[in-house]
Chemist: 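Just passing along the structure, written as structure tokens.
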Amino acid sequence: MKEFLKMENIHKRFPGVYALKGINISVNKGEVHALLGENGAGKSTLMKVLGGVHKQDEGSIYINGEKIDFIDPKKATELGIAFVHQELNLAESLTVAENMYMGRLPYKNELLGIVDYKKLYKDANEILEELGVNINANNLVSELPTAKKQMIEIAKSISQKAKVIIFDEPTTSLANNDVETLFRVINKLKNDGVSIIYISHRLKEIFEICDRATIMRDGAYIGCCDVKEVSQKDLIKMMVGRELNDLFPKVTVTPGDIVLECKNIESANGEIKNASFNLRKGEIIGISGLVGSGRTELVRLIFGADKMSSGSIAINGKQVTIRNPIDAINNKICLITEDRKKQGLCLPLSVEDNITMTMLNKSILDKKKMKEISIKYKDLLKIKTHNLETIAGTLSGGNQQKIVIAKWLNTNSDIFIFDEPTKGIDVGAKSEIYNLMNDLVKEGKSIIMISSEMPELLGMSDRVYVMCEGRITGELKKDDCTQEKIMELATIGGSLNGKEVEFKAVIS
Ligand SMILES: Nc1ncnc2c1ncn2[C@@H]1O[C@H](COP(=O)(O)OP(=O)(O)OP(=O)(O)O)[C@@H](O)[C@H]1O
Ligand SMILES: [Mg+2]
């Protein structure tokens, strides 16, 4: 097979961070090449060097054997390098075709700025049809679900005649059947001779779709291997530097009294209907369901982020009124949101400011204590950051997630609601988060966990509530909780009002 891309001995330093320490990667034509490493290992940074976003301090890049001395984002596109980003970068109020050809619109008369819309939509539709993704180029992007938006990014890469497409954690927000579609499209690209660099923390996917893998650890190059010749354990060992035996180290705590009891709660916006459930001291309950089944909406009600129209919430047997998040916090409830960038963090603020944000209800700041607390959680959660003044937005995805968790650990809450706690988190850090959940329940705290990762849900929950169309359709005890039963309850409603059904649960 012919080598298309080679990056050799790439070094990159940021102020205080030695992010890449001599990385090598070689990608063949028509190959799906995995780039693996823990959170903060430097995967995204390496790809940003390739995309011309960062300039390497040392090292060379070759395309088709030819050394490329200078890359900026425009040059990268010309060289056939394209990205499908983790956080999609699309203009929501424009059409699919306008997004695909942004900056490269076909003109009838360029001087007068008259766009050849007929050609634009024809070209765009041709590519979309070829991909077999059932999207119309005339659609507004804002009207499409996440999975389809991702397809637009792929279609855009194809329209640019991309020769190498970089997928940075493409499946974190995808439903199960959408992952299948994505893999089908990736295989098609591969057969057309396009090279793919595939970054994911879901190792199962690596075995499903990748040919070779390059592994990085702490910015250093560890090695490259043929995926067929290694086991999952081998990959983990190379990434983490040690063996991880038990991915779901669940401890069993005998549940105590009911700490939270929700009866017939309904939301003012009509998204949640007549939901009743309870949570005991020392217990982890899982909440499962399809995308749009109301899982996030349910916990937002309990946290006071949305308005409740009827029903009751009791904490430790006492009725409480939760009108807003402050009421929830005062009742020792906290919510670790699914979307860390928009809701979990203040990205331009420092690591310390984010961790200690939940202490800002005092009129005088205790700077010394804020520092102490930040150091404590940085160490406890092994947050990889140069120092506490580092801007949260520059940390790797997984480390950002850890800050959100630290922020709430710092409140001495009794009820922890985790909405997709391990989204974008590497295998090592995942088991650290599970251990942390275990520590919380051992201390007598209680946890509600929404998760789309079936192994995590089955591995960590004492009981699972399943939702469908805004209702809780069933409760399963740990011993009789299986993937099949969850799926049955998740689709029990039958009538999905003509809405597109999406399986968010990742079945493995
Ligand atoms: N613009 C920047 N300024 C300073 N430091 C940065 C910048 N971008 C990345 N870093 C640092 O470089 C290191 C590598 O980060 P990178 O985002 O490449 O990791 P990653 O392997 O993609 O991790 P994840 O799996 O969590 O996405 C981290 O320590 C990060 O904080
Ligand atoms: Mg990354």
Side-chain angles (χ1 to χ4, degrees), residues 7 10-25 33-59 73 83-89 166-173 197-203 205-206 213-222 235-236 238-241 339-341 344-345 347-352 354-355 374 378 381-406 420-433:
M7 296 177 83
I10 305 288
H11 289 256
K12 175 73 196 168
R13 294 176 188 84
F14 293 111
V17 184
Y18 195 174
L20 301 176
K21 309 168 188 164
I23 302 292
N24 306 306
I25 184 170
H33 195 111
L35 183 57
L36 300 178
E38 289 184 285
N39 295 129
K43 305 176 295 292
S44 298
T45 305
L46 184 71
M47 291 302 106
K48 282 182 188 159
V49 168
L50 181 61
V53 177
H54 296 316
K55 171 98 188 93
Q56 74 269 33
D57 300 324
E58 275 172 61
F83 287 82
V84 174
H85 290 280
Q86 195 172 359
E87 277 89 27
L88 303 169
N89 296 321
I166 295 126
F167 288 83
D168 197 345
E169 298 190 51
T171 56
T172 36
S173 321
I197 299 181
Y198 191 85
I199 302 179
S200 174
H201 290 294
R202 296 184 176 167
L203 294 180
E205 295 177 355
I206 307 302
T214 290
I215 297 104
M216 312 172 52
R217 193 193 313 148
D218 277 335
Y221 173 74
I222 300 297
L235 286 183
I236 293 176
M238 282 190 270
M239 284 164 58
V240 187
D339 184 340
R340 56 180 166 257
K341 287 205 191 294
L345 288 173
L347 292 173
L349 295 186
S350 70
V351 172
E352 176 175 322
N354 272 287
I355 295 180
S374 308
K378 174 179 170 281
L381 300 185
K382 302 195 180 74
I383 300 174
K384 230 177 259 172
T385 172
H386 174 50
N387 59 37
L388 296 170
E389 280 73 51
T390 303
I391 301 300
T394 67
L395 258 56
S396 74
N399 283 296
Q400 290 182 5
Q401 176 75 345
K402 290 185 186 178
I403 300 179
V404 184
I405 297 177
E420 303 287 2
T422 62
K423 199 169 166 183
I425 296 236
D426 69 52
V427 269
K430 258 185 196 164
S431 73
E432 282 166 26
I433 287 176

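We count ligands from 1, going down the list as the structure has it; atoms in each ligand are counted the same way.
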Chemist: Are any of the N/O atoms on Lys384, whether in the backbone or the side chain, positioned under 3.5 angstrom from an N/O atom of ligand 1?
Modeler: no
Chemist: Under 3.5 Å between any N/O of Asn399 and any N/O of ligand 1: does that happen in this structure?
Modeler: no
Chemist: Have Asp168 and Ser44 got a donor and an acceptor in their side chains that come within less than 3.5 Å?
Modeler: yes
Chemist: Using distance alone, decide if ligand 1 has a nitrogen or oxygen within less than 3.5 Å of any nitrogen or oxygen in Ala41.
Modeler: yes
Chemist: Charged N to carboxylate O under 4.0 angstrom, Arg202 versus Glu169?
Modeler: no
Chemist: Please check: side-chain N/O of His11 versus main-chain N/O of Lys21, any donor-acceptor pairing under 3.5 Å?
Modeler: no
Chemist: Do Lys384 and Asp218 meet the salt-bridge criterion of a basic N to acidic O distance under 4.0 Å?
Modeler: yes
Chemist: Is His386 close enough to touch ligand 1? Criterion: a residue heavy atom under 4.0 Å from a ligand atom.
Modeler: no
Chemist: Mind checking whether Ala19 has an N or O less than 3.5 Å away from an N or O of ligand 1?
Modeler: no
Chemist: Below 4.0 Å from any atom of ligand 1, is there a heavy atom belonging to Glu38?
Modeler: yes
Chemist: Determine whether His33 and Tyr198 satisfy the following criterion, side chain to side chain contact (heavy atoms under 4.5 Å, CB included), listing intermediate values before the conclusion.
Modeler: CA-CA 6 Å; His33 195 111; Tyr198 191 85; over 6 Å; no
Chemist: Would you tell me which option among Val49, Thr390, Leu46, Thr394 has the nearest heavy-atom contact to atom 30 (C) of ligand 1?
Modeler: Thr394
Chemist: For Gly37, is the nearest heavy atom under 4.0 Å from an atom of ligand 1?
Modeler: no
Chemist: Is the distance between the Mg ion (ligand 2) and the nearest N/O/S atom of Thr45 smaller than 2.8 Å?
Modeler: no
Chemist: Taking distance alone, with N or O pairs closer than 3.5 Å, would you say His201 contacts ligand 1?
Modeler: yes
Chemist: Glu169 heavy atoms, cut-off 4.0 Å: which ligand 1 atoms fall inside?
Modeler: 25 (O), 27 (O)
Chemist: Would you find a donor on one side and an acceptor on the other, under 3.5 Å apart, between the side chain of Lys48 and the backbone of Val53?
Modeler: no
Chemist: Between Gln401 and Lys423, do the side chains contain an N or O donor and an N or O acceptor separated by less than 3.5 Å?
Modeler: no
Chemist: Please check if the distance between the ring centroids of Phe14 and His54 is under 6.0 Å.
Modeler: yes
Chemist: May I ask you to list the atoms of ligand 1 that are less than 4.0 angstrom from any heavy atom of Val17?
Modeler: 11 (C), 12 (O), 29 (O)
Chemist: Could you tell me, atom by atom, which parts of ligand 1 come under 4.0 Å of a heavy atom of Asn39?
Modeler: 23 (O), 24 (P), 25 (O), 26 (O)
Chemist: Look at atom 20 (P) of ligand 1 and find which of Lys402, Lys43, Met47 reaches it with the closest heavy atom.
Modeler: Lys43
Chemist: Can you list the steps and then say if Lys378 with Glu352 is a salt bridge (Lys or Arg N to Asp or Glu O under 4.0 Å)?
Modeler: CA-CA 9 Å; Lys378 174 179 170 281; Glu352 176 175 322; over 6 Å; no
Chemist: Mind checking whether Glu58 and Arg13 have side chains closer than 4.5 Å, heavy atoms only?
Modeler: yes
Chemist: Run the contact test for Leu395 against ligand 1 with a 4.0 Å cut-off on heavy atoms, strictly below, and give the result.
Modeler: yes
